[in-house]
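First listed ligand is number 1; within each ligand, the first listed atom is number 1. This structure is a prediction, so every number in the text was calculated from the model and none was measured.
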Amino acid sequence: MSFDYDLFVIGGGSGGVRAARVAAADAGAKVGMAEESRYGGTCVIRGCVPKKLMVFASTYAPAMKEAAAYGWDVQAGSFDWPSFRVNLENELDRLESVYRKLLKNSGVETYDLRATLAGPNLVRLADGREFTAKTILVATGGWPSVPDIQGAEHAITSNEIFHLNALPKRILIVGGGYIACEFAGILNGLGVDTHLWYRGTQVLRGFDGEARSVIAEGMRARGVTIETETNLAKIVKVLDGVQVTNTQGTIHGFDLVMYATGRAPNSTALGLEALGVGLDQLGAVEVDRFSQTAVPSIYAIGDVTNRVNLTPVAIREGMAFVETALKGNATSVDHSLIPSAVFTQPEYGTIGLSEEDARAQEAIEVYATTFRPMNTAFINDPNQVLMKLIVSKTNRKVLGCHIVADGAGEMIQMAGIAVKMGATKEDFDRVCAVHPTMSEELVTMKSPVRTA
Ligand code: NDP
């Protein structure tokens, strides 16, 4: 049987674009792709990239305070959101055009429309056109999920934050995960009176407990008001913003509420269930380790599968998919020991187990130190740096590395190589310190602070 395409990819985010390009350029496949919004997906258009640019923007005020302490005659004026937004939009337009060009140059045929599955080998576009494909890849990502409370429609999510006409003076962020904590730091840095309400006892659940405390204290020290064990019960629109009621029954006024309460797999109404593709309780597409669904011609990668929801992981899954489905070389992605960064202020870089998870697994030694970073020597800054290694007592391997510090994302990429290679504490110690740096502490911590 002949098909219109060897591969049809639904979703033009990081994972889908990479799979389509590699399939066309390296595997010589005839590839079609549909994207209903903008090429680049969450990461490029409404996630990592614009977020990181906002992180950069938000660090100038404290940098100028620091500069003044070093003798510079400077002070931060006010932040001009409209001019930042124009530059941001121009940069995103540029990146999207790069993505389009890469796809075109690889020979991928693109359709700027929503696509659904009409059969195991049939894709239907929103305008009614249908294409057959030997293999279909679902790479539709995720979407913010918002609790169903009264007035929830008056809140925004991270999708909308980049498009505001003006920055609010006072914002409430609900949630305590990556997005909530990152945007709390950003908006606080841009001069917004920032309040974060989290339903649990400490933000960033799932990460190392000590790191979470240092981050939360650092966020508070920089000006974010964090209230834990507090949730949003009701939002009422008023003339000059919103009036919100929390779960304790107290009423507060804000200009804006942003929900950052998690993301759900974007699998609704794609036609998957009717074909026999399994979806779990959260709507994630069920796949095996080769990203293949229960229907052999249909694969899925990235956030829609809710495995490890990070851009570089989706890209790896896309490349492994091409090896498996188009090159006949069954390849799975190793989802263990993935380093990642949370761009909070202070920043967090992490790989491997938290102290709590490691303790539950085996006997460990904990090496940790907190200190004031040298660059704040001239200013009264209470922020602390944390350098922490979790070491197996049995084989001395470093099971986890946790860094809370400016630049932690850059540091953990490097430390991650050693941890992934199975380095022991003694391997770390054999490396000479780079002085004076913050990360030198990772190779100079002599005695454990705790054993368990
Ligand atoms: P997370 O899952 O990280 O956090 C969701 C937060 O919302 C948690 O604190 C959760 O609380 C809380 N929450 C969930 N439901 C409710 C509710 N009904 N009422 C109140 N609070 C609620 O999701 P994010 O949206 O922050 O991020 C989504 C994903 O995007 C991340 O998991 C990550 O994979 C990715 N991401 C990665 C980034 C990076 O690599 N730097 C940056 C941004 C996003 P609880 O802890 O109690 O469950």
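Here is the list of ligand 1 atoms found below 4.0 Å of a heavy atom in Arg263: 28 (C), 30 (O). Taking every non-hydrogen atom of Lys51 and a distance limit under 4.0 Å, the qualifying atoms of ligand 1 come out as 41 (N), 42 (C). Close approach of ligand 1 to Ala260 (heavy-atom distance below 4.0 Å) involves ligand atoms 5 (C), 6 (C), 7 (O).
In this structure, of Pro312, Gly177, Ala341, the residue bringing a heavy atom nearest to atom 1 (P) of ligand 1 is Gly177. Nearest-heavy-atom check against atom 44 (C) of ligand 1 across Ile179, Leu204, Val308 picks out Ile179. Among Phe207, Tyr178, Tyr259, the residue whose heavy atom lies closest to atom 39 (C) of ligand 1 is Tyr178.
At least one donor-acceptor pair closer than 3.5 Å links the side chain of Glu160 to the backbone N or O of Thr157. Panel note: side chain Thr116, backbone Gly271; no donor-acceptor pair is recorded below 3.5 Å. The closest donor-acceptor contact from the side chain of Thr305 to the backbone of Ile301 lies at 3.5 Å or more, if one exists at all.
Atom 23 (O) of ligand 1 has Gly262 CA, 3.3 Å as its closest protein atom, hydrogens excluded (heavy atom only).
Ser58 OG to Leu53 CG: the interatomic distance, rounded to the nearest 0.5 Å, is 11.0 Å.
Aromatic ring pairs are classed by plane angle as parallel below 30°, tilted from 30° to 60° and perpendicular above 60°; the pair Phe8 and Tyr111 is parallel.
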